[in-house]
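All remarks here apply to the structure that follows.
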Amino acid sequence: MTVTEILIINALVLAVCFAMLWFISLRTRDVTPVDSFWALGMVIMGLTTYSQTAGAPDRKLLLLTLCAIWGLRLGIYMLRRWKMHGPDRRYQTMLGKAESQKGWGFAQSSLRMVYLIQAPLLFIVCLPVQLGQIDAQPTVGLLGYFGAGLTVAGILFESIGDWQLAKFKANPANDGLVMDKGLWRYTRHPNYFGDVCVWWGLYAVACETPTGIWALPGPILLTWTLTKWSGVPTIENRMKRKKPGYDAYVRRTARFVPWFPKRG
């Protein structure tokens, strides 16, 4: 199969998955599970590519395994958070504004503002796992093993950060306080930083192949999304309104790349 045919089939599979999610949300009036599918959908893209390609087995298995570990961990974590805390108020606010200001109903606003945006973003971000499996040669080299190590480090960093934050929030004594312990002492967004490491690592594994080099838009888009658009800016604006001590936390703590906190 050609690269184009593989990507078209993947895109069709992804479109069907998102259509099913949308139809389910029409009954539940809740789009929050799309956050879990952001990770699980990338695992699906890895699996559909694996089944269609005849690339080097070691690279295919490495990319699929790393993607599956990352995606299943994050996807299950997001599902549990949704079960515990219910619908995400950010989505509710966004869709409510669309309904009141633009006259859109839930079906139109959720389709246009959530699913039709997240589907292409997901497809592009996971290009390393798709394109990296296509070429039969070469086998994994030094750059690939470095990328695998970076991916594992990113998964651990993100997982530990999520665990520390969940533990902090579970303690009623911390209500209204700013999490500044553990990894959160060295970066204000350890989960996002870990995520970026994962996908630059997967790109390093992929770009040892001629086709995988073209997956570069994936990690670039993810980095831009998390640092400039819907990740860091959204979280920080909300935290500054909700947490009185957040401004002081910002002044002493690295924004994204971990570093030692400033004194004073």
Side-chain angles (χ1 to χ4, degrees), residues 10-49 64 66-100 102 104-127 129-130 154-155 158-159 161-163 165-167 169-170 189-192 194-196 198-199 202 218 221-222 225-226 229-235 237-239:
N10 285 357
L12 290 174
V13 170
L14 192 63
V16 170
C17 291
F18 267 91
M20 292 173 62
L21 279 176
W22 180 57
F23 282 122
I24 292 172
S25 74
L26 295 181
R27 300 193 63 177
T28 63
R29 310 287 292 183
D30 183 10
V31 300
T32 309
V34 76
D35 288 340
S36 177
F37 190 78
W38 172 260
L40 298 176
M42 294 192 190
V43 180
I44 293 173
M45 291 294 92
L47 285 168
T48 56
T49 306
L64 179 59
L66 290 172
C67 179
I69 293 171
W70 168 82
L72 291 173
R73 199 288 307 179
L74 181 58
I76 293 171
Y77 170 77
M78 297 301 292
L79 275 177
R80 290 183 62 190
R81 192 171 75 170
W82 170 57
K83 288 292 185 181
M84 291 176 61
H85 301 290
D88 192 317
R89 285 175 291 180
R90 292 173 299 172
Y91 285 127
Q92 291 180 316
T93 300
M94 179 179 68
L95 299 181
K97 287 182 179 179
E99 183 174 355
S100 61
K102 299 183 180 181
W104 295 351
F106 180 86
Q108 184 178 5
S109 59
S110 61
L111 179 64
R112 296 178 63 168
M113 302 184 70
V114 179
Y115 298 104
L116 290 181
I117 293 176
Q118 293 213 24
L121 288 178
L122 189 159
F123 185 82
I124 295 171
V125 168
C126 71
L127 280 176
V129 175
Q130 299 180 76
I155 292 171
E158 180 180 20
S159 301
D162 282 340
W163 173 76
L165 183 61
K167 187 177 179 181
K169 288 183 174 180
H189 304 280
N191 48 351
Y192 291 156
D195 222 14
V196 167
V198 167
W199 285 95
L202 290 172
L221 178 61
L222 179 70
T225 298
L226 291 181
W229 182 38
S230 66
V232 171
T234 301
I235 294 294
N237 289 337
R238 186 172 78 253
M239 293 297 287

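Values reported hereafter were calculated over all heavy atoms of this structure, with side chains retained and with hydrogens, waters and symmetry mates removed. Starting from 1, each residue takes its place in the sequence as its number. Remember, it's a predicted structure, so these values are computed and weren't measured experimentally.
Taking both residues in full, the closest heavy atoms of Val31 and Ser110 are given as CG1-CB, 3.8 Å, listed atom of the first, atom of the second, then distance. Between Leu95 and Phe106 the shortest heavy-atom distance is CD1-CE1, 3.7 Å. Cys126 approaches Trp199 most closely through the heavy-atom pair CA-CZ3, 3.6 Å. Listed here is the closest heavy atom pair of Ile44 and Val13: CG2-CG1, 4.0 Å. Heavy-atom minimum distance, Thr49 versus Gln130: CG2-O, 3.2 Å. Between Gly161 and Pro190, the shortest heavy-atom distance links the atoms CA-CG, 4.3 Å.
Distance check, rounded to the nearest 0.5 Å: CD of Gln92 to NZ of Lys97 gives 13.5 Å. If you take OH on Tyr192 and CG on Leu222, they are separated by 10.5 Å, rounding to the nearest 0.5 Å. Distance check, rounded to the nearest 0.5 Å: CZ of Arg81 to NZ of Lys169 gives 6.5 Å. Distance CE/Met113 to CD/Gln108: 10.5 Å, rounded to 0.5 Å.
Two residues are said to be in side-chain contact when any heavy atoms from C-beta on lie closer than 4.5 Å; Leu47 and Leu64 meet this criterion. In this structure the side chain of Trp229 never reaches within 4.5 angstrom of the side chain of Leu221, judged on heavy atoms. Within the 4.5 Å cutoff, the side chain of Leu79 has heavy atoms near those of the Trp82 side chain. Looking at Glu158 and Leu74, their side chains come closer than 4.5 Å, going by heavy atoms from C-beta outward. For the pair Val125 and Met42, the minimum side-chain heavy-atom distance is below 4.5 Å.
A cation-pi contact links Arg73 to Tyr77, judged by a cut-off of 6.0 Å to the six-membered ring centre and 45° from its axis.
Partners of Thr225 by side chain to side chain donor-acceptor pair (under 3.5 Å), not counting sequence neighbours: none found.
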Under the side chain to side chain contact (heavy atoms under 4.5 Å, CB included) rule, what do Asp35 and Trp38 come out as? Steps first, then yes or no, please.
-> CA-CA 5 Å; Asp35 288 340; Trp38 172 260; 5.6 Å; no
Give the intermediate values and the outcome of side chain to side chain contact (heavy atoms under 4.5 Å, CB included) for residues Met45 and Leu14.
-> CA-CA 8 Å; Met45 291 294 92; Leu14 192 63; 3.9 Å; yes
Worked verdict on Met94 versus Val114 for side chain to side chain contact (heavy atoms under 4.5 Å, CB included) | CA-CA 10 Å; Met94 179 179 68; Val114 179; 3.8 Å; yes
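More than 12 non-hydrogen atoms from other residues, nucleotides or ligands lie less than 6.0 angstrom from CZ of Arg238.
Panel note: side chain Trp22, backbone Ala107; a donor-acceptor pair is recorded below 3.5 Å. Between the side chain of Asp195 and the main chain of Asn191, no donor-acceptor pair closer than 3.5 Å is present. Although no hydrogens or angles enter the test, the distance criterion places no donor-acceptor pair under 3.5 Å between the side chain of Ser36 and the main chain of Met78. With hydrogens and angles ignored, the 3.5 Å screen pairs no side-chain donor or acceptor of Thr93 with any backbone N or O of Arg90.
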Distance-only donor-acceptor hits, side chain of residues 115-122, under 3.5 Å, sequence neighbours excluded:
residue: Tyr115; atom: OH; partner: Ser25; partner atom: OG; Å: 3.3
residue: Gln118; atom: NE2; partner: Tyr91; partner atom: OH; Å: 3.0

